[in-house]
Structure formats: structure tokens, C-alpha cells
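I have placed the structure first, in the form of C-alpha cells, so that the comments after it can refer back to it.
Only this structure's heavy atoms are used, side chains among them; waters, hydrogens and symmetry mates stay out. By convention in this document, chain letters (A, B, ...) are assigned in the order of the sequence lines, proteins followed by strands, and residues within each chain are numbered from 1.
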2 protein chains.
Amino acid sequence: MSVEERVGAIVQRTQPAVQRRAMAKAITLLESTRPDHRAQADEMLTALLPHTGRAFRLGISGVPGVGKSTFIEALGLHLIAQGLRVAVLAIDPSSTVSGGSILGDKTRMEQLSMQESAYIRPSPSSGTLGGVAEKTRESLLVCEAAGYDVVIVETVGVGQSETAVQGMTDMFCVLQLPNAGDDLQAIKKGVMELADLVVINKADIDPHAATRAQAQITSSLRLLSMHGNPEHAHHDAALWQPRVITLSALKSEGVDDFWAAVSEFRQLQTANGRLAARRERQALAWMWERIDYGLKQAFRQHPGVRALLPQMQADVASGRIAASTAARNLLAAQAG
Amino acid sequence: MSVEERVGAIVQRTQPAVQRRAMAKAITLLESTRPDHRAQADEMLTALLPHTGRAFRLGISGVPGVGKSTFIEALGLHLIAQGLRVAVLAIDPSSTVSGGSILGDKTRMEQLSMQESAYIRPSPSSGTLGGVAEKTRESLLVCEAAGYDVVIVETVGVGQSETAVQGMTDMFCVLQLPNAGDDLQAIKKGVMELADLVVINKADIDPHAATRAQAQITSSLRLLSMHGNPEHAHHDAALWQPRVITLSALKSEGVDDFWAAVSEFRQLQTANGRLAARRERQALAWMWERIDYGLKQAFRQHPGVRALLPQMQADVASGRIAASTAARNLLAAQAG
């Protein structure tokens with residue numbers, strides 16, 4: 001299939017089944033490691049880009065058991081009822097080990113997956129977190145080109161996957177259970193600092209605990225923003241203070257409040273130019289991340305480096321040469 | 001001066017004034033950016049290495065106002081009274097901006113700096129954190145070769161400087177004030193997780209607040225170690241649980257307890273082989289960090305990359321090409 005045909009099938013809106021198949025094939029192409037596929041994928045992405053950028057990119061994070069699937073299903077159905085089209089992507093670094101994915105089983109969001117206006121794609125299940133994140137970023141562009149209004153990128157709290165998702169979305173939401181200690185864990189990992197919105201799910205089970213958790217996390221967020229480095233803040237604290245809302249995804253209670261908060265944030269960030277600035281920053285950071293990865297890969301594969309590395313590593317480990325000297329020797333081996 | 005002469009003057013113990021001058025000159029050589037100086041410095045380091053490794057490397061971190069200088073002075077005098085020689089180095093990334101250093105003013109540790117058994121060197125005041133950290137790591141080797149028994153590396157809580165100090169020391173201590181919220185800040189920044197020992201200073205001002213802070217931080221550390229990823233743990237929780245002790249550096253109260261805890265940790269880590277393993281890991285991590293830095297620098301200086309970069313950055317920022325495509329184009333420009 002030519003690149004023009006691929007792109008045409010994705011951006012058209014009249015034949016949903018054709019579009020859906022073209023999206024699946026395009027994403028499979030993006031996930032391929034064959035160099036000729038990669039060249040085609042690059043050409044396709046460049047052709048798709050003018051059709052992207054109109055969706056709202058929503059990141060959702062939360063540890064297993066917090067009710068992410070139930071929440072995303074409730075939210076997706078709520079949005080589809082409003083006439084919107086919703087795509088769900090995932091980043092699950094653990095799937096690269098287990099071969100399984102948090103979204104591999106579509107029955108996890110049974111009702112949502114049956115909707116014609118929903119597109120659900122499991123996490124790529126091979127490669128490093130950087131590689132998985134790259135494929136998800138590119139898949140997000142495919143969904144946008146296909147006219148989806150909201151693209152949800154979900155992740156479990158594994159490694160740096162939250163940072164990866166925050167780095168590709170317009171708004172980053174953290175789901176929490178109403179348990180003491182869970183917020184400490186999220187603060188420790190730096191996840192709270194990334195959050196534009198914190199959602200306390202399962203509030204129906206113990207409304208009092210949920211309210212207590214809401215108060216506690218609100219106060220923690222205030223302390224964090226007081227002590228935080230303003231250069232690292234991703235929104236102006238005077239304009240948007242990260243909120244904490246309680247809801248019950250299982251009972252679909254509070255999903256409308258959630259979406260109202262998201263819509264308010266989106267309007268604010270669009271009006272003050274911070275959404276465009278955030279996307280620009282994300283795209284450039286993504287470029288440099290891929291450059292770093294490529295540089296390291298080329299270094300490790302260089303014959304001169306491969307020949308010298310075992311000896312250098314042994315000498316550094318045993319204290320026979322200084323690490324900085326070994327680094328200079330290895331860099332010289334690549335250059336020479 | 002030849003490398004042999006330099007090394008000889010540093011490792012000898014009979015002429016303290018000659019040694020002190022040689023150390024200062026050696027560290028100045030390490031801090032030089034001239035390529036010929038760098039080659040000499042590498043040669044000198046390799047010759048010094050067999051004389052290093054016998055000191056205990058102690059990292060001390062704490063925000064401005066926590067009383068670091070007073071604490072290090074009290075500790076240094078305590079150790080000198082026991083017949084030990086103490087060197088104090090510093091990493092202050094803020095000094096690269098201000099030109100000043102947390103240790104630039106020796107009057108900050110007036111009594112300690114007058115001792116013949118003490119050597120105090122301010123933070124290198126130019127370059128990136130990576131560069132500053134490299135020079136401090138190398139200076140640490142010079143101090144060890146000169147026979148100092150304890151090398152203290154201190155840092156303020158700026159950027160990633162705590163991680164850098166933890167990555168070059170045998171034990172990492174965090175100084176805290178007995179204030180609520182301060183521990184939250186340290187947890188957020190991931191500093192608490194790095195700590196082998198937490199010191200609550202200024203306990204004399206409000207002993208009750210200090211005891212409360214001790215209990216609170218102890219419980220936070222327990223929660224963090226429960227939720228932490230065991231692969232990232234830098235000591236076996238069964239053998240060493242990070243402790244929290246209270247003291248008053250100003251009144252020199254509790255400094256002996258502090259040193260007793262440090263000595264216990266040192267013996268434990270030496271006996272179970274974790275100290276040697278930690279140093280080996282640190283040296284290899286340092287080598288890879290310098291390689292990464294060198295790769296990025298070579299990339300940015302490559303004529304083909306410099307020619308293409310402005311256009312690629314503009315195209316990525318405006319959404320004309322995908323970030324991953326731009327990264328591949330730039331990598332090809334360096335390779336081609």
C-alpha cells in the first residue's frame with residue numbers, strides 16, 4: 001500500500017471500518033523494527049502531521065487496583081454520549097517483560113470497546129520504555145489524524161512511565177485510592193508534582209475516607225507548590241492550582257465533574273497559550289530524547305568501542321584507571 | 001613539574017606544607033579546561049589511583065540555613081581530636097551561576113580551617129553539574145592519596161546535586177530542621193530515599209519539635225522502604241534501616257552519637273562487601289555519565305548537525321515534521 005493510500009484511508013471519515021483497519025495497520029507499521037518499514041513510517045507520519053493536533057490529549061496514571069479501566073470506560077462512554085470520538089492508548093513497560101499488556105485484553109473495557117466511536121489499542125509490548133513511549137506518541141498522531149476528539153493515554157505506575165505520559169499529553173491526571181500512604185508514595189515518585197488533577201476513585205466505598213484523603217492531598221499539593229522550583233512548574237500557579245476531586249467510576253458518579261474540570265483546564269491553557277507552548281516543548285524534548293538514545297546505541301555498536309569496553313570496564317571496576325580517563329579513552333576509540 | 005614529582009609531593013607525609021601546596025596545584029590542574037592540562041591530569045590521576053581508596057567518603061546534604069557549616073566544623077574538630085585527618089569538598093551548582101561558592105569563604109569554618117589536619121576546598125565554580133561533580137570526584141581521589149582519613153563532600157539542595165554526592169560517597173547523610181513540611185520536600189525530591197542517615201539539627205532550640213520530627217521522618221522512611229523498588233535499594237533493609245538522629249551542632253551535642261552511627265554503618269558495609277560493590281557501581285556509573293556527556297557534546301559540535309539543527313528544531317516546534325523523524329535526520333547528518 002502506498003503512503004498516500006494509507007494516509008487517505010486514515011484521514012477520511014466516511015468509511016469507519018476502512019479507517020479502523022488503516023489505523024491498526026499504520027500502528028503496526030510504526031511498531032515494526034525493520035528499517036524499510038521505519039522509512040515508510042517516517043514518510044507516513046510526515047504526511048499525517050498536517051491532520052493532527054486538534055484532539056485533547058489526556059494522560060491517566062494510577063497503580064493497579066485503583067480502578068483505571070473502570071474509570072476510563074465510564075469517561076469514554078460519557079464522552080461518546082456527548083457525540084465525541086475517543087481513542088485509548090497505553091504505556092505499560094511491564095508488558096515488555098511479561099509479554100502481556102494492561103490493555104491486551106479488550107474485555108477489560110468491554111462496553112467501551114464495542115462502541116463505534118471508540119478506538120482502543122494495547123501498549124506496545126517490546127523494547128525499552130523510551131521505545132514504547134515513542135511508538136505510543138506516534139500512535140497518538142495516527143488517532144488525531146483519524147479525527148478522534150479525545151486521546152487518552154493511560155499508564156500503570158511503573159518506572160518512569162508517568163513522566164513519559166505526562167510528556168506527551170495536554171493534561172495529566174493521577175488516580176488515587178482513599179488510603180493514607182498512597183499519596184506519600186506518589187509524592188516520593190514525583191508523580192504528584194506532574195499532576196494537573198488528582199482523582200480519588202472509589203469514593204462510594206467510604207465517603208469519609210475519601211474526603212479526608214482529598215483534604216490531605218490538597219494540603220500536600222499546596223506544600224509542594226510552595227517549595228517547588230518555579231522553573232519546573234508546568235503551569236502558572238496563579239492560574240491553575242492542581243485540584244483534587246472525588247468520584248466513583250463504578251457508579252459513574254462524578255465523571256461529569258471530572259470532565260468539567262478537564263474542560264476548564266483546556267480552555268484556560270488554550271486561551272493563555274500554555275497548551276501550544278507545552279506541545280512545542282514536548283516535541284523538542286522528544287527529539288532530544290531520541291537523539292540521546294541513538295547516540296548511545298551507535299556508541300555501543302562501534303567496533304572500536306566494543307573491542308575496548310570490556311578492558312576499560314574491568315579497569316574502572318578494579319580501580320586501575322579513573323572513570324573519567326576510561327570515558328575519554330572510549331570516546332577516542334569511537335572517534336579514531 | 002613532572003607527573004612523578006606531583007604525585008610524590010602528594011603522597012608523602014613528612015612535609016605537610018609541601019603536600020598542601022601540591023594538593024592545591026593538582027586540584028587546580030584538574031579544574032583546568034586546557035586539553036594539555038587535561039592530558040597531564042589524566043596521567044596524574046592514574047598514578048595517584050593505587051594510593052586511593054582508604055578514606056571513608058561521607059556525603060552531607062542540607063538546604064541553606066540547616067547548619068551544615070556548623071555541623072561539619074563540629075564533626076571535623078571531633079575527628080581531628082581523635083587523631084584523624086579530614087578533608088572537606090563541596091558541590092555547589094549555584095556557584096556556577098553566582099560565581100560564589102558555599103565554601104568560597106573559608107571563614108565559614110574558621111576553627112576547622114586553621115587545623116593542620118584539615119583540608120578545605122571550595123566547590124568548582126564553573127561548568128555544568130556533571131562537570132563540577134567530575135572535578136569533585138577527582139579532587140576526592142587527590143585527598144585520599146594524600147592520606148586523609150575522612151573526606152566529607154557537602155552540597156546544598158539544588159537541582160540534582162544530592163544525587164551527584166550520593167553517587168560518589170560511601171554514606172549519604174541528610175541534615176534537616178525540626179520543621180513540618182521540610183521532610184515532605186525532601187521526600188518529594190527523592191533525597192530521603194538516598195539517605196543512609198538523617199540528622200535533625202538544632203534540636204536544642206525545641207527538643208519536643210525535634211523528637212516529633214524524628215518520629216515523623218522515621219515513619220516516612222519506613223513507608224518509603226515498604227513501597228520502594230527493592231532493585232533500587234542501595235542497602236539491604238534487613239541489615240541497615242536508615243536512622244534518624246537528633247543533635248545540636250552549635251552546642252556540639254550528639255556529634256559523638258553521629259560518628260558512632262557512621263562507624264557502625266562503615267563496619268557493616270565493609271564486612272558484607274557492600275562498600276566495595278557500591279564504589280565499583282559508582283565508578284562505572286561515572287564512566288557512563290562522562291561518555292554520555294562526551295557523545296552529546298560531539299553531536300552538538302558536528303558541522304553537519306550544526307547546519308541542520310536550526311531548521312529541524314523549527315520544523316519540530318511548528319509541527320511540520322515528527323520529532324522522531326527529525327532525530328533520525330540529525331543522527332544521519334552526524335554519521336554522513
Side-chain angles (χ1 to χ4, degrees), chain A residues 38 42-43 45-46 48-50 52-53 134 137-138 141 159 181-182 184-185 187-190 192-193 220 223-224 226-229 279-280 282-296 298-299 312-313 316-328 330-331 334-335, chain B residues 38 42-43 45-46 48-50 52-53 134 137-138 141 159 181-182 184-185 187-190 192-193 220 223-224 226-229 279-280 282-296 298-299 312-313 316-328 330-331 334-335:
Chain A
R38 191 61 249 179
D42 274 349
E43 204 187 328
L45 277 178
T46 306
L48 284 174
L49 271 183
T52 65
E134 167 159 80
R137 281 175 189 275
E138 294 178 340
L141 297 175
D182 277 19
L184 186 72
Q185 163 71 352
I187 289 166
K188 179 194 107 182
K189 290 183 60 203
M192 278 293 183
E193 238 185 323
S220 296
L223 268 168
L224 290 179
M226 268 166 46
H227 289 96
N229 182 341
R279 287 183 171 186
E280 193 178 312
Q282 288 173 338
L284 288 169
W286 178 17
M287 182 184 87
W288 283 111
E289 186 196 303
R290 297 319 295 170
I291 288 171
D292 285 354
Y293 178 78
L295 290 175
K296 280 183 207 172
F299 179 78
M312 286 291 112
Q313 281 184 311
V316 167
S318 67
R320 273 192 300 275
I321 74 168
S324 44
T325 309
R328 275 184 285 273
L330 285 162
L331 289 166
Q334 188 188 27
Chain B
R38 191 61 249 179
D42 273 350
E43 206 187 327
L45 276 179
T46 305
L48 284 175
L49 270 183
T52 64
E134 168 159 79
R137 280 174 189 276
E138 293 178 341
L141 297 176
D182 276 19
L184 186 71
Q185 163 72 352
I187 290 167
K188 179 193 106 181
K189 289 184 61 202
M192 279 292 185
E193 241 185 320
S220 295
L223 269 169
L224 289 178
M226 268 166 45
H227 288 97
N229 183 341
R279 286 184 172 186
E280 192 178 312
Q282 287 174 339
L284 287 170
W286 178 18
M287 182 186 87
W288 282 111
E289 187 197 302
R290 296 320 295 169
I291 289 172
D292 284 354
Y293 178 77
L295 291 174
K296 280 183 205 171
F299 180 78
M312 286 291 112
Q313 281 183 310
V316 167
S318 67
R320 273 192 300 275
I321 74 168
S324 44
T325 308
R328 276 183 285 273
L330 285 162
L331 289 166
Q334 188 188 25

So do the side chains of [X] and [Y] get within less than 4.5 Å of each other, counting heavy atoms only?
X: A:Trp286; Y: A:Glu134; value: yes
X: B:Leu330; Y: B:Phe299; value: yes
X: B:Arg290; Y: B:Tyr293; value: yes
X: B:Leu49; Y: A:Arg320; value: no

Which atoms of [X] come close to chain B, meaning under 4.5 Å heavy atom to heavy atom: side chain ones, backbone ones, both, or neither?
X: A:Gln313; result: both
X: A:Leu284; result: both
X: A:Arg328; result: side chain
X: A:Gln334; result: side chain

Looking only at B:Gly294, B:Ser324, B:Ala335, B:Ala283, the option with the highest number of non-hydrogen pairs under 4.5 Å against chain A is B:Ser324
Before giving the answer on side-chain contact (heavy atoms from CB on, under 4.5 Å), spell out for A:Thr52 and A:Leu141 the whole-Å C-alpha distance, their side-chain angles and the decisive distance to 0.1 Å.
-> CA-CA 6 Å; A:Thr52 65; A:Leu141 297 175; 4.0 Å; yes
Which portion of [X] sits near chain A, non-hydrogen atoms under 4.5 angstrom:
X: B:Ile291; answer: both
X: B:Glu289; answer: neither
X: B:Leu331; answer: side chain

Sequence neighbours excluded, the answer for side-chain contact (heavy atoms from CB on, under 4.5 Å) partners of A:Ala326 is A:Met312, A:Val316, A:Ile321, B:Met287
Nearest heavy-atom approach of B:Thr325 to A:Asp42 is OG1-OD1, 3.2 Å
Counting heavy-atom pairs under 4.5 angstrom with chain B, the leader among A:Glu138, A:Glu43, A:Arg38 is A:Arg38
